[in-house]
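A short worksheet on the structure shown next.
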There are 2 protein chains.
Amino acid sequence: MFKEERLQLIVDEVTRHNKVRSSELCQMLNVSEDTVRRDLKELADKGIVRKVHGGAVANSLIPPEYREQNIGHIGQKRIIAEKALSLVRDGQLIIIDGGTTNLELVRQFPEGLKATVFTNSIPIANELCTHSEIDLFFFGGKVLKSVRVTIGMDVLHFLSDLNADICFIGARSLHASLGITTTRREEAQIKRKLAEVSNQVAALVTSDKVGTIQPFRVVELEEVHTIVTELPPGAAEMRPFRDKGIEVL
Amino acid sequence: MFKEERLQLIVDEVTRHNKVRSSELCQMLNVSEDTVRRDLKELADKGIVRKVHGGAVANSLIPPEYREQNIGHIGQKRIIAEKALSLVRDGQLIIIDGGTTNLELVRQFPEGLKATVFTNSIPIANELCTHSEIDLFFFGGKVLKSVRVTIGMDVLHFLSDLNADICFIGARSLHASLGITTTRREEAQIKRKLAEVSNQVAALVTSDKVGTIQPFRVVELEEVHTIVTELPPGAAEMRPFRDKGIEVL
DNA sequence: AACAAAGATGCTGTTTTATGCAAGTTTATT
DNA sequence: AATAAACTTGCATAAAACAGCATCTTTGTT
């Protein structure tokens, strides 16, 4: 991650909560305390934040180039995607489910990544068409237009003889005792199957989805190996998941 | 590769990912770090990107001359699409093959068109997701990234029990005696099958493709029922086709 | 065609930047 | 006051940026 991006993220964090601990930042950004301190100093010099012992607090006005929703803006999803990148490596067979967070992940894929990817998401397939070294396969079937993924028997059939290294599953809701749930029965069915044929199951979720529940069960928590959120890995919200032996990034 | 092409590619990359590392670029473009740096400097001077240590990030607005892929013949394709619209009606089962002309066709589909559409083209599926009354199905299979369509056994399997009212076939070349031909064997195979399971076969082609030949045969002219070009229906170029009893719009 | 001028590209060596680490100092908290 | 966490300073290193130069293309002019 570029230093500029880091600065942007710090500003976002400060504007959202009016304050920030440097210890949290350095976990969230995967850099040393030193670097965070230097970043905060730089932002303080520019008058964007005010440095205090242990972190920084918001300063009245944010200059336009640092405001959220700027084009180059880095949201939570990008943080998640960057963390999740460490899970993929050359030569893997990867299944990628739909969802905007997963889309962000494939956008971060390095240009030369060599892998075989299966997906049922139209936008994700579209994005991956620009990666010359990726072997891409699409699960055919009926298109669920609202989320732009395919569902139905054909997908299940396609999956029957597949064995993937890792599956990035899209999760609308993640709960410490109920696992992953979603809003449509057919979707749940497909997702369950995706997880079933994969050696590792990773769920990329923004923290606002943690603790929520939807009507249809996708997979139990026991079947999920890795959870990636934008929070620092040690965050209290993720405690229950860590306790169950799930890797939390 | 021309310098301008390189600059365009860099801009594309930045607009897609919001950032780019110069190391990636020089690998991707096969030029030295120096050249990449000079390119980035140039783009930065024009205000198109913002240079940061190690690469560049997106800058709020991209001038129109650098926007993505301005595909050729856009005007002609629109004329073709409008004529071809008369071929579709509510309630039909329609197969739509890939290609930019066909994409233009679905863009012209009226909002409330009620139909069942099968396609193997990612952009077309994506476009049709916005049409609420269309039942959309996607042929799964291996993705041919350069044209964003699926190919392979799975597509053929998917097609086996289908019977469509009309098929809009994408044609790279159309010849009065050799029919439709294309550049890849797998593509030809799929297209032939698409035509086979359809009661009516329509080819939407710009006139510059008429009379050209590619290595692989898709279908004979006898199997094509309708040809749509941007030319007036009575144009001399289309005479040989009309003479064979093909409807020319 | 010949030739000059301008431009693009890559190479070499040097300078700057980003970042982490270590050792010592300051600050908060109990 | 004791102690742990947070800060400061200085240093080390690797990557990136820069400047100057040599080579090769392209372009325009006679």
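Naming: A, B, ... by sequence-line order, numbering from 1 per chain.
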Boundaries of the chain B footprint along DNA chain D (any atom under 4.0 Å from a heavy atom): D:dA16 to D:dA19
Would A:Glu82 and B:Lys19 pass as an ion pair if we require N to O under 4.0 Å? yes
Between A:Arg37 (CZ) and C:dT27 (P), how many Å, whole number? 14 Å
Spacing between A:Leu7 atom CG and C:dT19 atom C1', to the nearest angstrom: 13 Å
Assess whether salt bridge (charged side-chain N to carboxylate O under 4.0 Å, His left out) is satisfied between B:Lys3 and B:Glu42, documenting all intermediate values. CA-CA 11 Å; B:Lys3 186 181 154 197; B:Glu42 195 174 328; 2.7 Å; yes
Answer yes if the side chains of A:Glu230 and A:Ser207 hold a donor-acceptor pair under 3.5 Å, and no otherwise. yes
When you compare the side chains of B:Glu104 and B:Gln108, does any donor N or O come within less than 3.5 Å of an acceptor on the partner? yes
Quick one, A:Asn102 and A:Ser121 - any side-chain contact, counting heavy atoms below 4.5 Å? no
So do A:Asn199 and A:Asn163 actually touch side chain to side chain, heavy atoms under 4.5 Å? yes
Checking all strands, does B:Val36 fall into the base, sugar-phosphate, or nothing category for heavy-atom contacts under 4.0 angstrom? nothing
Can you give one letter per nucleotide of nucleotides 5-16 of chain C, going 5' to 3': B for a protein heavy atom under 4.0 Å from the base, S for sugar-phosphate only, - for none? ---SBBB-----
Have a look at A:Ile95 and tell me which of A:Asn120, A:Thr119, A:Leu162, A:Val201 forms a side-chain contact (heavy atoms from CB on, under 4.5 Å) with it. A:Leu162
Ignoring hydrogens and angles, write down the donor-acceptor pairs under 3.5 Å from the side chains of residues 43-51 of chain A, residues two or more places apart or on other chains.
from    : atom 1 : to      : atom 2 : distance (Å)
A:Asp45 : OD2    : A:Lys41 : NZ     : 3.2
A:Lys46 : NZ     : A:Tyr66 : OH     : 3.1

